[in-house]
Asks: 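First the structure, then my questions, so here it is.
All heavy atoms count here, side chains included; hydrogens, waters and symmetry mates do not. We name chains A, B, ... by the order of the sequence lines, and we start the count at 1 in each one.
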Amino acid sequence: MVEEHTTATGLPIEEAVIEAKEAQRHQVKNDRWTRLLDHFRREWQIYAMLLPTIVWFVVFLYKPMYGLQIAFKDYSIFRGVANSPWVGFEHFETLFSNDQFLRAVSNTIKISALNLLFGFPAPIILALMFNEILNATYKRAAQTIVYLPHFISSVIIAGIVITAFSPTAGIVNTVIGWFGLDPVYFLTQPEWFRPIFVGTGIWQEAGFGSIVFLAAIAGVSPSLYESAVVDGANRWQMMWKITIPSILPTILIMLIIRIGNIMEVSFELIILLYQPATYETADVVNTWVYRQGLQSGQYDLAAAAGLFNAVVAFALVMTANSLSRRYSRTSLW
Amino acid sequence: MAGVSLNGIVKRYGAVQVVHGIDLEVAEKEFVVLVGPSGCGKSTTLRMIAGLEEISEGELAIDGRYMNRVAPKDRDLAMVFQNYALYPHLNVADNMAFGLRIRKMPRDQIKTTIAETAQILGLTNYLERRPSDLSGGQRQRVAMGRAIVRHPKVFLFDEPLSNLDAKLRTQMRAEIKRLHNRLGVTSVYVTHDQVEAMTLADRIVVMNDGRIEQVGTPMELFNNPANTFVAGFLGSPPMNQMKGKLTENGAQIGSSEIKLNGVTAQQAGRDVIIGIRPEHVTLAPGEGTSPLPIALDLVEPLGSEALLHARFGDDNLVFKADTQGDIGHLTGVGEVHIPALLVKIFDADTGRALSVGA
Amino acid sequence: MMNWNLYSRGDKFFAIVVSILIGMFTAATLYPFIYIAAVSFSSGFAATAGKVVLTPIDATLEAYKYILAEPMFWLSYRNTFIYTIGGTLMSLAFIIPGAYALSRPQLKGRRFFNLFIAFTMWFNAGLIPFFLNMRDLGLLDSMFGIIIAFAVNAFNIILLRNFFEAIPQSFEEAARMDGANDFQVLWKVYVPLSKPAIATITLFCIVSRWNGFFWAMVLLKSEEKIPLQVFLRHTIANLSDTDEFALNVLDAAYSAETVTAAIIVCSIIPVLIVYPFIQKYFEKGILLGGVKE
C-alpha cells in the first residue's frame, strides 16, 4: 500500500516515506477512535446503568466536600458557600483554644479506647464459646437471640436504657434497693456515662460481631483438630493452640479496622443518652459539631471541627489499611 | 449456514500480543478443530470469532460479512462453554428457550423447537429439571441443546468435554460427531485434547504460541507433520524424536546408522531430528528396516498392545508392540527395527519437516 | 471431630461451663426486651414504683390504649412504612445497576469509578456540609429528600459488586450469545443468580430505614412527615421531662415508663416479624461485603 501511494503521487522517495508514515499514524489514531466509538456503541448500556449512581455520589457526597471550604470562610447563609469571604485558619485557631472542643476530642478518644478494650474482645470470646457448643439447636437459638439487638434502633436502645436506669422506676435501681443501697441517678452522673454507653454497645453488638469470627473458625481445617485429638489434647488446649492461632489474622484485621474507626463513635446514641450534666464525659466531636452547627447555627466553626475529625479519621483508616496490607497481605478493600 | 474467514487476526492485551495473525478459512458445513497446549491462543481466537473479545487487528468475516464491529448477539452464532454456563435458576426447557424468548420467537414455535431438540438429544424426560439435578453428560447435552435450538450460522465449542470423565467424554465425542453429521452446521471447536481433535475434525488447526503451526485433515497432520511441534503434539504416545546427522544414504543416530529413503550425498552432514512414531517400529527385521539397539526400561501392558519405554543414548523413547496375550516375550527386547519409509526428518534448527531428497 | 462420647471428663466439664455462660449471655441479651414488655403491660403505679422485674404487675393495657389513641403514633408509623418501602426500592434501583456496571471488566475507567465510590467510605464531608447541601438542594423538610439522600452507600454497592464479580463470566457471555443486551443479562441472569446478596442488601436497607432517626430529626420540620423513631424520641423526651405528667398519673393506670415501653414494643414488633426471614441471609451477607482477599 505504501509503495502504491508513492508511485501514485510521484513524490521523491524520502518525502513519500514521511507522508506514508504520517498516513499510517493517522490511520492508527483513527483506528483507536473508531474502536473507542465502537466500544461505547456496543457497551453504552453499562454506562447508562452506572450513571445514576455516579450522579448520586456527586450530588450527595462529593458536593458537600466542595462545601467543606466553609471551614476556611466566614460563612453566611445569604452569601452562600462560594461568595463568603476567606478567613484562613481562623476557625481552627478558635477550635484549638476552645475547651469544650478539646474536651470533645479527648472524650472521643477515651470512649473509643474503652470500646476497644472491652467491646473488641467480647465478640471473639463469644465466638470461641459458640464453637464449643455441641447441641446445634441450643447454639442456633442462642445465636438468633444475641444477633437481635443489632437490628434495634438507637432510639429504642436509648429508651430501654433510660427506662432501665430510671432512678425510681428502673430495674437497676430496684435491684440496688434489694441490697439496701440508695438509688443512683445514673444518667445524670458523668462518671456513669461511659460505663453505661460502652456496656450498651457490647450488649447491642457483641453477638452480631461474633459472626465474622465464627466464619473464621469454620474455616479452620478439621484435620488440625483430629490430629490434636490423636495427640491427646483436650478442648481447652485445642482452643488455645489451634482455634485462636488460626483466627489470629481475622482478629488482627478486625482490630485494625477498629483502630481506623477511632474517631467514629456512635454519636446518635450519645445524643439520645447524654444531657448537659454529663457533657463532661459524654460530649464527643460529632455531638459538639451537631450542637454548634445544627442547633446554634455556627456552621463554619462546626464544619471546621467536622473537617478536623474527617481528616484524622481518614489518616487513621489509611494507616490501618497499609498496616493490614503489610501484616496479613490482605487489603481491606 | 456459512463459512468463517479469519484474515490476519491479532489479539493484544495492552502491550502483550497473544495471537499473532491468524489466517484461516472455515468452509460451510466444515468441522474445524483448533488444538494446542494451554495458552496457545486457541480459546482467544474462538472468543474473537464469537465477539466476546475485541479483535485488535485483522478482519473477521462470517458468511462473507465483515464482522469485527458486530456485537456477539448480532453475529448469529451459538457457543457451548467449558462450564456449560447453564442458568441455574431456570429448568432445562427454559434454559433452551432463553435465547429464543429474547429473540421474541412466538410461544408455540418455541415449544415445538424445544420439543424437537429435546427429542434429538434424549432430554425429553428432563425438561422440567434444574441443571443442578442433572448429571454431567446431561448438562453437556442441555448446553448443546441451547445452541441447537437457535439454528445459528456457526457453532462454537470451547473445550466442551473437558469437565467430563474419560468414559463420558468418549461417548459425548461420538454424539457431537453424529450431531454434526445430522445438522451439518459449520463448527469451530477448541480443545487441548489431540484425541478429540483427531476424531472430530474435518480439518485440524494446530496452534502454538499464538500462531498456527499447521492446518490439515487429521490424517495429513498425522502422516506429514510440518514440524517437530505438530509431530510431538498429535498421536499418543507422540512421535519419538532423536538428534542425528544425515549421512550419504541414511542418518547417524549416536553410534547407530539407519537407512533412509532418497537421501542424497549433498545433504550429508546436516544436523537433523529423526522422528519415528511408536507404532511404526517392528521387533523383527523386515524389508527396508534398520536395527536400533535400545536399553529397555519398562513395559506397560495396555491389553492387546504394550508400551515399551526405552533409552537410546540420552533420548527416552516409547514404542508400541503387540502383546499377543502375553508380555513375556517383550521383556527381553534389546533392539527395534525402523522402517526407512516411515521415518520423518526435521531440520535441527528450525524444526521444519525436510522432504528427504529434495 | 466433636463427639460427646469421646470427650474426657475435663472436656465435658468445660463444655458444660461454656454452655452455661452462653446461656447467661443470651439471657442477659433477652432480658431488657422482656423487662420492657413487662413494664408496658404493668400499671403506671407499679412501674413508677419500680416493682416490675420480669412479669407485668397489675397487668393492664392502658399504656397501649394511650398510645394507640394518639394520632401522631399512627401517622408516624405510616411515614416509617413509606420511608422504608420507598427508600429500599430507591436503593435497589440505584445499587443493582450500579454494582453490575462496576463489576463488568469491559467498563472503561472501572478502577477510577470503584475508587470514586470507595473513597466515600474513608472520607466524608461531615454533618454540616451535608446539611447545607440538602438545604441548597431544597430538600429540607421533604419526604422525597429523606428517601433519595440516603438511597446509596458505598458498602452496599461494593458488597453486591463483589457478588456479581464472583459469578462466572461465562453466564454473561452465554446470555450475550443468546442475544441478550446488558439490561437483559442483568435482569434475567444476574439478578436471579444473586438472590442471597440482593436479599442481604434489601435487609440492610430495610433495617437502616426502619431505624433511621438522626437525619429525619434534623431534616424534617413538619410533624406530619416524621417517622416513628422521631416520634418515639419526642415522646420519650416529653414524658420524662414533664414532671407534671409523672406526678399526675402516679395513681393512674399508665405512666411515662409504661407508655415509653409500649411504644418501644410497638416499634420492635415489625422487626421481630421480619427477623426470622432475614436471619438466614445476613450471616452470609455480612461476610460478602467484608474483607476482600
Asks: Take the angle between the ring planes of A:Y147 and A:F208 and call it parallel below 30°, perpendicular above 60°, tilted in between.
Replies: perpendicular
Asks: Check A:G232 against A:Q237 and note the closest heavy-atom contact, atom names and distance.
Replies: O-OE1, 4.3 Å
Asks: By a 4.5 Å heavy-atom criterion (distance strictly below it), what part of A:V59 contacts chain C: side chain, backbone, both, or neither?
Replies: both
Asks: So which residue, A:T174, A:L316, A:I70, A:I156, ends up with the most heavy-atom pairs under 4.5 Å with chain C?
Replies: A:I156
Asks: So for C:Y35, is it side chain, backbone, both, or neither that comes closer than 4.5 Å to the heavy atoms of chain A?
Replies: side chain
Asks: Going through the checks in order, is the side-chain contact (heavy atoms from CB on, under 4.5 Å) test met by C:V53 and C:Y31?
Replies: CA-CA 10 Å; C:V53 176; C:Y31 176 72; 4.0 Å; yes
Asks: Indicate the atoms forming the closest heavy-atom contact of A:A304 with A:H91, along with that distance.
Replies: CB-CB, 3.8 Å
Asks: In terms of heavy-atom proximity below 4.5 Å to chain C, should A:M263 be classed as side chain, backbone, both, or neither?
Replies: neither
Asks: Of the backbone (N, CA, C, O) and the side chain (C-beta and beyond), which part of C:F183 lies under 4.5 Å from a heavy atom of chain A, both, or neither?
Replies: both
Asks: Name the option with the most non-hydrogen atom pairs under 4.5 Å to chain C; the candidates are A:L307, A:I77, A:V58, A:N309.
Replies: A:I77
Asks: Most heavy-atom pairs under 4.5 angstrom with chain C, which of A:P52, A:G293, A:G67, A:G306?
Replies: A:P52
Asks: Tell me which of these, C:T26, C:V18, C:I263, C:D11, has more heavy-atom pairs under 4.5 Å with chain A than the rest.
Replies: C:D11
Asks: Is the CH2 atom of C:W215 crowded by more than 12 outside heavy atoms at less than 6.0 Å?
Replies: yes
Asks: Quick one: which of C:I264, C:V152, C:T260, C:N133 has the most heavy-atom pairs under 4.5 Å with chain A, could you say?
Replies: C:V152
Asks: Does any backbone or side-chain atom of A:L148 lie under 4.5 Å from a heavy atom of chain C? Answer side chain, backbone, both or neither.
Replies: both
Asks: Could you tell me if the side chain of C:Q229 sits less than 4.5 Å from the side chain of C:N211, heavy atoms only?
Replies: yes
Asks: Quick one: closest heavy-atom pair of A:S210 and A:L126, and the distance?
Replies: CB-CB, 4.3 Å
Asks: Determine the minimum heavy-atom distance between C:S103 and C:R110, stating which atoms define it.
Replies: O-NH2, 3.6 Å
Asks: Is the ring pair C:F33/A:W203 parallel, tilted or perpendicular, if the boundaries are 30 and 60 degrees?
Replies: tilted
Asks: Relative to chain C, which segment of A:A228 carries a heavy atom at a distance below 4.5 Å: side chain, backbone, both, or neither?
Replies: neither
Asks: Using a strict cut-off of less than 4.0 Å between a Lys/Arg side-chain nitrogen and an Asp/Glu carboxylate oxygen, indicate whether C:E257 and C:K51 qualify as a salt bridge.
Replies: no
Asks: Of the listed residues (A:Y138, A:F40, A:W44), which shares the most heavy-atom pairs with chain C below a 4.5 Å separation?
Replies: A:Y138
Asks: Using non-hydrogen atoms only, which part of A:Y290 is less than 4.5 Å away from chain C: side chain, backbone, both, or neither?
Replies: both
Asks: I need the residue from A:V311, A:L61, A:I54, A:N173 with the largest number of non-hydrogen atom pairs under 4.5 Å to chain C.
Replies: A:I54
Asks: Looking only at heavy atoms, what is the nearest atom pair of C:S42 and C:A38, with distance?
Replies: OG-O, 2.7 Å
Asks: With under 30° as parallel and over 60° as perpendicular, where do the rings of A:F314 and C:W122 fit, or are they tilted in between?
Replies: tilted
Asks: Considering only heavy atoms, which portion of A:I271 lies under 4.5 Å from any heavy atom of chain C: side chain, backbone, both, or neither?
Replies: both
Asks: Flag the pair C:R104 and C:E172 as a salt bridge only when some basic side-chain nitrogen lies within less than 4.0 angstrom of an acidic carboxylate oxygen.
Replies: yes
Asks: With a 4.5 angstrom heavy-atom cut-off, which part of A:L51 approaches chain C: side chain, backbone, both or neither?
Replies: neither
Asks: Pick one of side chain, backbone, both or neither for A:T163, based on which atoms fall under 4.5 Å of a heavy atom in chain C.
Replies: both
Asks: Less than 4.5 Å to any heavy atom of chain C: does that hold for the side chain of A:S223, its backbone, both, or neither?
Replies: neither
Asks: Let me know if C:F116 has heavy atoms under 4.5 Å from chain A in its side chain, its backbone, both or neither.
Replies: both
Asks: Does any backbone or side-chain atom of C:I36 lie under 4.5 Å from a heavy atom of chain A? Answer side chain, backbone, both or neither.
Replies: side chain
Asks: Which of the residues A:N234, A:V289, A:V146, A:L272 is involved in the greatest number of heavy-atom pairs with chain C at under 4.5 angstrom?
Replies: A:L272
